[in-house]
4 protein chains.
Amino acid sequence: MDGTRQRRRGNTRQRIQDVALGLFAEQGYEKTSLREIAEQLDVTKAALYYHFKTKEEILVSIFEDLSRPLEDLIAWGREQPHSLETKQEILRRYSEALAAAAPLFRFMQENQATIRELRIGELFKTRMFGLRDILTDPDADLVDQVRCVSALLTLHAGMHILQDTESDPEEKRKAVLEVAVDLITQAHRGSAGA
Amino acid sequence: MDGTRQRRRGNTRQRIQDVALGLFAEQGYEKTSLREIAEQLDVTKAALYYHFKTKEEILVSIFEDLSRPLEDLIAWGREQPHSLETKQEILRRYSEALAAAAPLFRFMQENQATIRELRIGELFKTRMFGLRDILTDPDADLVDQVRCVSALLTLHAGMHILQDTESDPEEKRKAVLEVAVDLITQAHRGSAGA
Amino acid sequence: MDGTRQRRRGNTRQRIQDVALGLFAEQGYEKTSLREIAEQLDVTKAALYYHFKTKEEILVSIFEDLSRPLEDLIAWGREQPHSLETKQEILRRYSEALAAAAPLFRFMQENQATIRELRIGELFKTRMFGLRDILTDPDADLVDQVRCVSALLTLHAGMHILQDTESDPEEKRKAVLEVAVDLITQAHRGSAGA
Amino acid sequence: MDGTRQRRRGNTRQRIQDVALGLFAEQGYEKTSLREIAEQLDVTKAALYYHFKTKEEILVSIFEDLSRPLEDLIAWGREQPHSLETKQEILRRYSEALAAAAPLFRFMQENQATIRELRIGELFKTRMFGLRDILTDPDADLVDQVRCVSALLTLHAGMHILQDTESDPEEKRKAVLEVAVDLITQAHRGSAGA
DNA sequence: CATGAATGAGCATTCATTCAT
DNA sequence: GATGAATGAATGCTCATTCAT
């Protein structure tokens with residue numbers, strides 16, 4: 001009884017987000033017009049404005065909704081001891097979370113120039129710095145810092161970049177994760193050993 | 001004495017490319033209008049069209065001009081034995097070449113969605129695949145393939161991503177290179193050892 | 001009483017067509033800009049695009065709306081016996097239909113080069129061939145075929161060409177029609193007598 | 001020795017006219033740009049301006065050069081007795097002259113809207129009135145006046161309109177001429193008989 | 001909840017034309 | 001006799017946004 005209530009009516013907002021993310025990811029933010037979104041939903045442009053104040057707000061709302069799990073993960077990570085185990089666990093969960101919201105992150109990856117000037121640019125940057133601070137010692141060796149960033153980078157871009165390799169997505173994710181964990185592990189040893 | 005002669009006149013094409021690249025890198029391709037470029041050069045939009053057939057052609061010409069060294073490097077790499085030393089040498093030179101054309105590659109990095117539908121998308125993709133084929137064994141372990149891609153990724157994105165770390169750019173480049181070389185080395189050993 | 005209700009609002013599409021046809025006929029299609037049309041209507045250019053997808057579509061819509069009677073006439077003609085009486089009746093009605101949509105046909109007459117490359121070029125050509133097939137025997141004498149075409153030509157161009165002759169338009173139309181009927185009659189006798 | 005002198009050099013003006021007429025006839029005046037003409041001639045736009053002051057002047061010069069024979073014909077006609085024989089002779093010669101400058105007259109036919117606002121509009125109109133005055137009695141029956149105009153019309157448009165009929169161009173011209181002569185003859189009898 | 005109608009600002013592109021060389 | 005470089009004005013079109021209904 002409860003689950004259905006917001007299904008039939010009131011799901012337009014959700015449908016807008018879905019279609020918009022699809023188009024944003026496929027064509028980029030700037031090249032996707034509200035007309036296109038509206039047409040694909042078979043509503044008028046004006047309808048979009050009933051649900052969202054601006055085009056940017058559609059994007060922000062998608063980002064906020066889909067990236068909450070990551071937010072939580074970071075919050076959790078912050079409270080753990082900065083041990084290697086924690087770091088590895090973070091990467092594992094992060095990798096899963098990324099996979100779960102793949103289109104969004106493909107979009108983020110491919111539209112950095114756009115995002116930079118949008119509100120989510122700041123949001124995303126803040127988040128990445130949060131992650132980095134958990135994974136790396138602020139006074140670690142520069143090379144080790146790069147390793148951390150590289151690990152994150154690999155996680156983020158990994159799946160899209162191996163498009164042409166046929167192998168199964170889940171296997172790919174595992175391989176990408178392994179490399180990331182390796183990098184972090186090396187970085188951790190560097191800092192710890194020093 | 002001699003080099004100045006073609007400075008005053010006849011350098012407009014070049015100036016257009018410079019200004020355009022600056023703006024493309026700063027604001028993105030779509031958000032940069034020809035009006036903006038023209039204004040910054042203090043010429044009319046029509047003047048741009050005297051030198052280039054379309055907006056896209058401006059970008060393509062920049063890409064072609066600035067990335068020729070990379071093209072050459074790949075050509076060179078293809079003829080070397082696929083030894084670890086070659087691979088390391090490639091990365092070293094590639095890193096230098098990227099640094100030399102940093103704004104272009106920052107642009108490429110941040111405007112992937114845009115680029116994908118432009119002609120340079122294909123050009124770039126082809127190039128990256130060329131590089132990958134030199135650096136990695138086609139029947140290498142999936143994890144090792146990821147390491148290679150990761151190395152390339154790190155090289156490409158590395159410098160832009162560490163914006164906030166204050167340290168000197170050249171040091172950063174070295175650090176990034178070291179990580180990339182590490183990754184390639186591990187990958188090479190994986191393939192060789194198997 | 002009833003007819004006025006949808007006058008004020010919702011007639012914009014129609015008003016656009018009217019103004020556009022006026023300008024197209026007066027200045028030609030290419031020399032009429034959307035800015036001009038919009039200004040004369042006291043709306044913005046963008047408003048035109050709410051009602052029509054392209055400039056060409058404005059023209060097509062005018063053509064389709066105004067030339068439907070001719071379409072019908074041809075359809076009717078096709079089902080009649082190809083007797084002289086039918087042919088004469090066709091010309092009579094055709095002449096009236098042309099007069100009723102005079103500005104459109106003046107436009108068609110005077111912008112053939114333009115029209116040829118537009119969609120209505122094909123539409124119009126097809127229609128003319130339809131008419132010709134009713135009026136003339138496919139294996140008639142070449143001279144008689146010319147007479148038919150000449151009759152149509154006279155009907156089409158007749159009124160515009162006699163601009164300077166002062167006499168009353170309706171009289172002119174009658175005179176033009178008489179010549180056309182004469183031509184068709186001669187042509188018919190030629191074919192029948194052979 | 002004499003004939004060659006203006007051949008190699010100094011024929012550019014002529015070549016411009018040829019190419020321009022070709023394009024004007026094919027695509028219309030407005031849709032033909034000077035860039036196109038220049039490109040097809042493999043010279044720069046600026047070169048066109050060495051030979052002609054404006055785009056319009058190119059057209060005017062073509063018209064003047066190619067229609068001089070018609071001018072002469074009319075001048076001749078004006079001095080003859082307004083007998084039926086004269087009229088028939090005029091039509092015969094006129095038909096030949098039109099055929100000799102077919103592309104120009106196809107252009108005139110198809111670009112009336114454009115021409116009307118250009119200088120050649122007046123030129124052409126004046127000429128047509130001149131012809132009409134030779135062919136028709138000013139106080140002839142309205143119907144007979146129409147017949148004359150119709151004859152002219154048929155001559156002008158005839159050849160282009162029968163494009164799809166396969167028969168040989170010269171035969172077509174003859175047929176068209178025959179119909180025109182017929183019309184004029186009828187008109188003449190009408191006036192004479194009254 | 002949503003539409004129909006419209007706007008204002010902007011964009012890439014094209015054109016006829018000019019002029020110093 | 002011609003070019004290289006540029007301009008000013010315009011064009012068709014698209015977009016995010018608004019608002020009365």
Side-chain angles (χ1 to χ4, degrees), chain A residues 8-13 16 29-38 41-58, chain B residues 8-13 16 29-38 41-58, chain C residues 8-13 15-16 29-38 41-58, chain D residues 9-13 16 29-38 41-58:
Chain A
R8 259 175 258 299
R9 291 282 152 260
N11 64 342
T12 304
R13 193 187 146 91
I16 293 173
Y29 177 76
E30 337 249 9
K31 300 241 298 193
T32 300
S33 70
L34 295 188
R35 177 175 56 68
E36 228 172 336
I37 298 176
L41 282 164
D42 212 47
V43 295
T44 52
K45 272 184 290 171
L48 305 182
Y49 280 88
Y50 180 82
H51 294 281
F52 299 95
K53 268 219 297 281
T54 65
K55 185 185 181 186
E56 182 172 354
E57 228 216 23
I58 300 182
Chain B
R8 227 61 72 198
R9 288 283 145 257
N11 60 347
T12 305
R13 191 188 147 93
I16 293 172
Y29 177 77
E30 338 248 6
K31 301 242 297 194
T32 300
S33 71
L34 294 189
R35 179 181 50 71
E36 230 171 335
I37 298 177
L41 282 165
D42 209 47
V43 294
T44 55
K45 272 183 290 167
L48 306 183
Y49 279 91
Y50 177 79
H51 294 280
F52 299 94
K53 271 218 293 283
T54 62
K55 184 184 180 186
E56 181 171 354
E57 227 214 23
I58 299 183
Chain C
R8 229 61 71 199
R9 289 281 147 258
N11 59 347
T12 306
R13 191 188 149 93
R15 285 174 60 225
I16 293 172
Y29 178 77
E30 339 248 9
K31 301 241 297 192
T32 301
S33 70
L34 295 187
R35 180 181 49 72
E36 230 172 334
I37 298 177
L41 282 164
D42 209 49
V43 295
T44 56
K45 273 184 290 169
L48 306 183
Y49 280 92
Y50 178 77
H51 295 280
F52 299 95
K53 271 217 293 278
T54 63
K55 185 185 181 187
E56 182 171 353
E57 227 215 24
I58 299 183
Chain D
R9 292 281 153 263
N11 63 344
T12 305
R13 192 187 147 91
I16 293 173
Y29 178 77
E30 336 249 7
K31 301 240 298 191
T32 300
S33 71
L34 295 188
R35 177 176 54 70
E36 229 171 335
I37 298 177
L41 282 164
D42 213 46
V43 296
T44 52
K45 273 183 290 170
L48 305 182
Y49 280 89
Y50 179 81
H51 294 280
F52 299 95
K53 269 218 295 280
T54 64
K55 184 185 182 187
E56 182 171 354
E57 229 216 22
I58 300 183

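Below, chains carry the letters A, B, ... as their sequence lines are ordered, and counting in each starts from 1. None of the values given here were measured: they were computed from a predicted structure.
Atom CZ of Phe52(C) and atom P of dA6(E) are 12 Å apart (whole Å). Atom CD1 in Ile37(A) sits about 17 Å away from atom P in dT14(F), given to the nearest Å. What separates CG of Leu48(A) from C1' of dC19(F) is a distance of 16 Å, to the nearest Å. The distance from atom CD of Glu30(D) to atom P of dG12(F) is 12 Å, rounded to the nearest whole Å. A straight line from CG of Leu41(D) to C1' of dT3(F) spans 15 Å, rounded to a whole angstrom. Nucleotide dA2(F) holds its P atom 12 Å from the CG atom of Asp42(D), rounded to whole Å. When the P atom of dT7(F) is taken as reference, atom NZ of Lys45(D) falls 13 Å away, rounded to whole Å. When rounded to the nearest whole Å, the span between OH of Tyr49(D) and P of dT21(E) equals 21 Å.
The partner of dG10(E) is dC13(F), judged by Watson-Crick or G-U wobble contacts that both fall below 3.5 Å. Applying the Watson-Crick and G-U wobble criteria (two distances, each under 3.5 Å), dA20(F) pairs with dT3(E).
Between the side chain of Lys31(B) and the backbone N or O of Glu30(A) there is no donor-acceptor pair closer than 3.5 Å.
The side chain of Arg35(B) places an N or O atom within less than 4.0 Å of a non-bridging phosphate oxygen (OP1 or OP2) of dC11(E). Between dT11(F) and Ser33(C), a contact under 4.0 Å exists linking OP1 or OP2 to a side-chain N or O. Distances shorter than 4.0 Å separate none of the side-chain N or O atoms of Thr12(A) from OP1 or OP2 on dC1(E). For Tyr50(A), no side-chain nitrogen or oxygen approaches OP1 or OP2 of dC1(E) to under 4.0 Å. Applying the 4.0 Å criterion to OP1 and OP2 of dG4(E), one finds that His51(C) has every side-chain N and O outside that range. Between dA12(E) and Thr54(B), no contact under 4.0 Å exists linking OP1 or OP2 to a side-chain N or O.
Of all non-hydrogen atoms in Lys55(D) and Leu34(D), the two that sit nearest each other are CG-CD2, 3.8 Å. Across Thr44(C) and Ala38(C), no two heavy atoms sit closer than the pair C-CB, 3.8 Å. In terms of heavy-atom proximity, Thr54(B) sits nearest to Tyr49(B) at CA-CE2, 4.2 Å. Residue His51(D) comes nearest to Arg13(D) through the heavy atom pair O-NH1, 3.8 Å, listed as atom of the first residue, atom of the second, then distance.
Sequence order on DNA chain E of the closest nucleotides to Glu36(D) and Thr32(B) puts Thr32(B) first from the 5' end. Residues Thr44(C) and Tyr29(B) each lie close to DNA chain E; by heavy-atom proximity, the contact nearer the 5' end of the strand is made by Thr44(C). Between Lys53(C) and Lys31(C), it is Lys31(C) whose nearest contact on DNA chain F lies nearer the 5' terminus.
With distances taken from any side-chain atom of Ala46(A) to the nucleotides dT14(E), dT18(F), dT7(E), the minimum falls on dT18(F). In this structure, of dT17(E), dT17(F), dG10(E), it is dT17(F) that holds the atom nearest to the side chain of Leu34(A). In the set dA2(F), dA2(E), dT17(E), the nucleotide with an atom closest to the side chain of Lys55(D) is dT17(E).
Using a 4.5 Å heavy-atom cutoff, the side chains of Ile16(C) and Val43(C) are not in contact.
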